[in-house]
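Structure record follows, encoded as structure tokens.
Side chains are part of it too, since the values below use all heavy atoms of this structure and drop only hydrogens, waters and symmetry mates.
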There are 2 protein chains.
Amino acid sequence: MITGSKKMIRDINSHLVLETVLNEGPVSRAAISARSGLTKATVSAIVADLIDRQLVREIGSDDTSLGRKPILLEFCKENGHILSIDLGVNAITAFTSDLMGNDCGLKIFPNNYTRDNIISGLIYIINLSLSELPETPFGLTGIAIGVHGATNGNEIIFAPYYDYSGLPFADRLSEHFHVPVFLENEANLSVIGEKCFCYNVPNLIGLSVHSGVGAGIIINDELYTGINGNAGEIGHTIINVNGRECPCGNHGCLEQYASERAILSEYAEIRRLDGVTIEEFTQAYNEGDPIALRLLDQFISYISIAVNNLLNTFNPDVIVINSGFTINIPELHELIRDQLKNRMKRYCTLVPSGLQDISILLGGACLIIKDFLGVSYCAKDSSFKID
Amino acid sequence: MITGSKKMIRDINSHLVLETVLNEGPVSRAAISARSGLTKATVSAIVADLIDRQLVREIGSDDTSLGRKPILLEFCKENGHILSIDLGVNAITAFTSDLMGNDCGLKIFPNNYTRDNIISGLIYIINLSLSELPETPFGLTGIAIGVHGATNGNEIIFAPYYDYSGLPFADRLSEHFHVPVFLENEANLSVIGEKCFCYNVPNLIGLSVHSGVGAGIIINDELYTGINGNAGEIGHTIINVNGRECPCGNHGCLEQYASERAILSEYAEIRRLDGVTIEEFTQAYNEGDPIALRLLDQFISYISIAVNNLLNTFNPDVIVINSGFTINIPELHELIRDQLKNRMKRYCTLVPSGLQDISILLGGACLIIKDFLGVSYCAKDSSFKID
DNA sequence: ACACTTTGTTTAATAAGTAAACAAATGGGG
DNA sequence: CCCCATTTGTTTACTTATTAAACAAAGTGT
């Protein structure tokens with residue numbers, strides 16, 4: 001059991017100080033003391049330790065009008081690196097950053113890997129990305145991998161679009177690189193990214209609409225994944241009794257109506273095409289193709305049902321939508337909001353993704369920051385307009 | 001901000017000791033030390049303080065084979081009382097208990113009260129209930145009120161079946177009785193009761209099917225109510241696009257298919273009755289009335305959809321169902337489980353309510369215990385069969 | 001030059017936990 | 001019947017971390 005001890009006090013206060021420097025820095029000892037409620041003596045002692053551990057450094061003095069000039073403290077963001085991977089079905093994206101998520105390099109690789117060579121493929125990709133980074137005191141601090149499926153942190157439990165289930169991703173990579181490795185669902189990483197960089201509220205739902213439909217759930221500032229990592233699998237909530245058949249065995253699952261896959265394949269079928277990309281579909285829509293218009297109308301309607309259901313289930317501060325359609329067709333967002341206003345007496349805040357296609361990668365970075373520092377990163381300008 | 005301090009350590013450890021005595025008592029100091037990881041010295045100091053505060057007392061020694069006999073410690077459950085109210089549409093139930101939720105009296109009153117006299121009516125009812133209790137050191141420790149609607153803790157925000165919205169229930173009663181008063185949704189209290197007395201798991205969803213349909217949500221051992229107390233309003237999640245019209249303005253809300261109100265009114269309509277109670281309906285069902293059979297079949301089907309959607313959204317440890325139908329017709333539970341097994345590849349644990357019609361009242365008691373002691377009560381036999 | 005402010009450090013006091021020794025209580029074996 | 005092993009619970013000496021207050025450092029304005 002967790003008992004209170006002197007170590008615990010120091011831990012709590014040390015994290016509090018570090019959090020203040022990380023998220024509000026540069027900042028002086030006196031300002032930290034005023035904001036946190038810790039005495040100046042305590043702050044000084046903790047800061048000395050943080051400087052010793054190369055997490056914090058003194059930079060010049062601030063210009064104030066009166067009194068002794070404060071010594072500003074700054075988080076040593078470049079003393080280590082983070083590696084974040086988006087394990088897509090068609091592409092693998094590798095992103096490296098400093099300890100505040102600042103871009104240190106992004107590489108995209110086609111995903112030709114099979115079940116047999118995906119792990120060694122990732123090792124190759126990671127080594128390639130790391131080779132371009134300068135030496136730092138901490139080196140690599142962790143690896144986050146976003147997958148399109150359910151995970152238990154180490155393995156993929158269930159993923160519809162690739163055959164990687166049961167492979168010990170995190171174990172192998174962490175053996176190889178000697179750092180913590182987190183394997184997490186893409187919707188979950190995505191919502192973490194949105195929270196840390198854009199919409200900093202305690203209860204945030206990220207609605208991710210890509211091939212499938214998933215929700216990342218943050219409750220009381222913590223990611224909620226359920227007992228098997230299956231929470232937020234709203235693609236298989238039923239919104240139409242006796243509706244379309246779903247591979248999952250049920251009828252009328254949301255994913256059969258409101259996913260990219262559903263819309264694109266319906267479009268391809270009607271137009272008798274072999275397949276269609278989201279870019280091709282967007283072009284058709286922009287050129288006024290009536291089929292595309294009708295399908296996107298359907299999409300809007302079903303997404304607003306999904307949001308309605310999430311609002312009535314979670315009553316969160318904010319719901320943030322991320323989908324290829326809303327990225328490619330910005331006006332879509334207002335149309336979804338209009339539909340929703342018709343549905344909901346009690347209106348709630350629906351906002352567009354602030355990070356769009358890099359939300360997974362930045363969310364991964366935040367996960368590693370939290371693990372390495374024990375403190376949640378929150379970008380200074382993470383108060384995007386919410387209305 | 002919350003800083004670590006000596007007071008905080010003592011608080012944490014004191015609560016840890018009290019929790020052990022409350023939930024695992026009678027128990028000796030040595031046993032508390034072994035279980036919690038605190039040293040014997042710390043436990044002794046804290047116990048002395050708890051005895052001083054009349055929360056814990058020493059009872060006789062235990063019979064052990066070897067060594068000095070331990071002094072058993074017990075929680076002073078009868079040193080205070082709790083009052084719990086179920087503010088039903090037709091009836092108001094008042095329940096008094098000791099500090100472990102043991103029955104000290106239950107009274108049922110018809111609810112003839114209007115918006116103008118409901119608060120004074122409650123004061124009358126509460127005084128009547130309190131008048132039968134013996135004097136205790138702490139006296140009344142708190143009042144919990146379960147309402148059939150959404151609340152913000154003090155007022156009713158929205159309740160479809162009575163006109164009490166906006167009345168300052170908690171403020172008035174707490175002024176009058178000088179104790180904390182909690183106004184909470186019935187589904188929320190219900191799930192608290194199920195957790196504390198029956199199914200002690202960290203992530204528990206309580207599906208309450210009465211006039212409407214609501215879910216109580218416990219995540220990481222904490223009740224989650226959303227930012228306006230509207231979380232769990234799953235009666236208005238849409239499960240049938242273009243389905244039946246709902247007073248909320250949408251079409252196809254769950255509540256139009258799977259609530260007592262929906263089933264009973266459909267039955268009354270078909271049978272051309274003025275209205276029908278759940279008892280009358282149950283009788284018809286038991287006598288083999290084909291309409292009742294068909295409607296209950298529909299009920300099972302829609303409830304299994306609701307459970308499917310909750311499972312895919314929350315992936316909890318357990319979902320517990322509480323409804324007038326399952327209470328009156330026990331075999332219903334297995335039928336719902338069978339339906340669900342067809343739907344879900346990943347099967348999850350669905351269990352029947354352990355507390356049935358008193359879950360709201362006992363949940364209210366647990367809420368007060370938590371507030372008064374700062375510790376969650378968990379009944380010793382709260383490990384009901386889960387399969 | 002001096003008073004005033006603000007920052008950051010030092011010092012003494014206090015609270016709370018820990019480990020280890022000790023006292024108390026008890027049963028069993030010689 | 002006495003002594004010892006054993007277990008419980010208390011006491012003691014020590015350590016750690018916070019706090020309040022005094023103090024030193026650094027800078028500005030009159």
query: A/S44 has a side chain; which of D/dT19, C/dA16, C/dT9 sits nearest to it?
result: C/dT9
message: Taking only side-chain N and O atoms of B/S28, does any of them lie within less than 4.0 angstrom of OP1 or OP2 on D/dG9?
response: yes
task: May I ask you to say whether B/R29 pairs ionically with B/E58, meaning some side-chain N is under 4.0 Å from a carboxylate O?
output: yes
message: Of the options D/dT19, C/dA16, C/dG8, whose atoms approach the side-chain atoms of B/I9 most closely?
response: C/dA16
Below 4.0 Å: OP1/OP2 of C/dT9 and any side-chain N or O of A/R29: yes
query: Does B/K69 put a side-chain nitrogen or oxygen below 4.0 Å from OP1 or OP2 of D/dT6?
result: no
message: Rounding to an integer number of Å, can you tell me how far A/I59 CD1 sits from C/dT7 C1'?
response: 16 Å
task: Select from B/P70 and A/A45 the residue whose nearest nucleotide in DNA chain D is closer to the 5' end of that strand.
output: B/P70
- request: Grab the CG-P distance between B/L66 and C/dG29 for me, whole Å please.
  value: 10 Å
query: Between C/dA25 atom P and B/I71 atom CD1, what is the distance in whole Å?
result: 9 Å
- prompt: Under 6.0 Å between the ring centres of A/F197 and A/Y377?
  reply: yes
- request: Indicate yes or no: does A/E24 engage A/R35 in a salt bridge with an N to O separation below 4.0 Å.
  value: yes
message: With a 4.0 Å limit, can you tell me whether B/R10 has a side-chain N or O closer than that to the phosphate oxygens OP1/OP2 of C/dG17?
response: yes
For atom CD1 of A/I51 and atom P of C/dG8, their distance in whole Å: 11 Å
message: Both A/K40 and A/G67 contact DNA chain C. Which one's nearest nucleotide lies toward the 5' end?
response: A/G67
query: Roughly, in whole Å, what's the span from CZ in A/R35 to C1' in C/dT7?
result: 15 Å
Minimum-distance nucleotide (side-chain atoms of A/A41 versus D/dA20, D/dT18, C/dA23): D/dA20
- prompt: Quick one: which of D/dT7, D/dT19, C/dA19 gets closest to the side chain of A/L38?
  reply: D/dT19
- prompt: Salt bridge or not for A/K195 and A/D221, using N-O below 4.0 Å?
  reply: yes
message: Using OP1 and OP2 only, check whether a side-chain N or O of B/N13 sits under 4.0 Å from C/dA16.
response: no
query: Side chains of B/L189 and B/F182: closer than 4.5 Å at any heavy-atom pair?
result: no
- request: Rounded off to whole Å, could you give me the CG-to-P distance for the B/D11 and C/dG17 pair?
  value: 10 Å
- request: Using the closest heavy atom to pick a nucleotide of DNA chain D for each, name whichever of B/L72 or B/K6 lands nearer the 5' end.
  value: B/L72
field: Atom-to-atom span, NZ of B/K7 to C1' of D/dA20 - whole angstrom
entry: 18 Å
- prompt: Between D/dT18 atom P and B/M8 atom CE, what is the distance in whole Å?
  reply: 12 Å
task: Tell me whether the OP1 or OP2 atom of C/dT18 has a side-chain N or O from B/T42 closer than 4.0 Å.
output: yes
Result of checking B/N154, B/L173, B/L83, B/D171 against B/V181 for side chain to side chain contact (heavy atoms under 4.5 Å, CB included): B/L173
query: Closest to the A/R68 side chain: D/dT8, C/dA16, C/dG8?
result: C/dG8
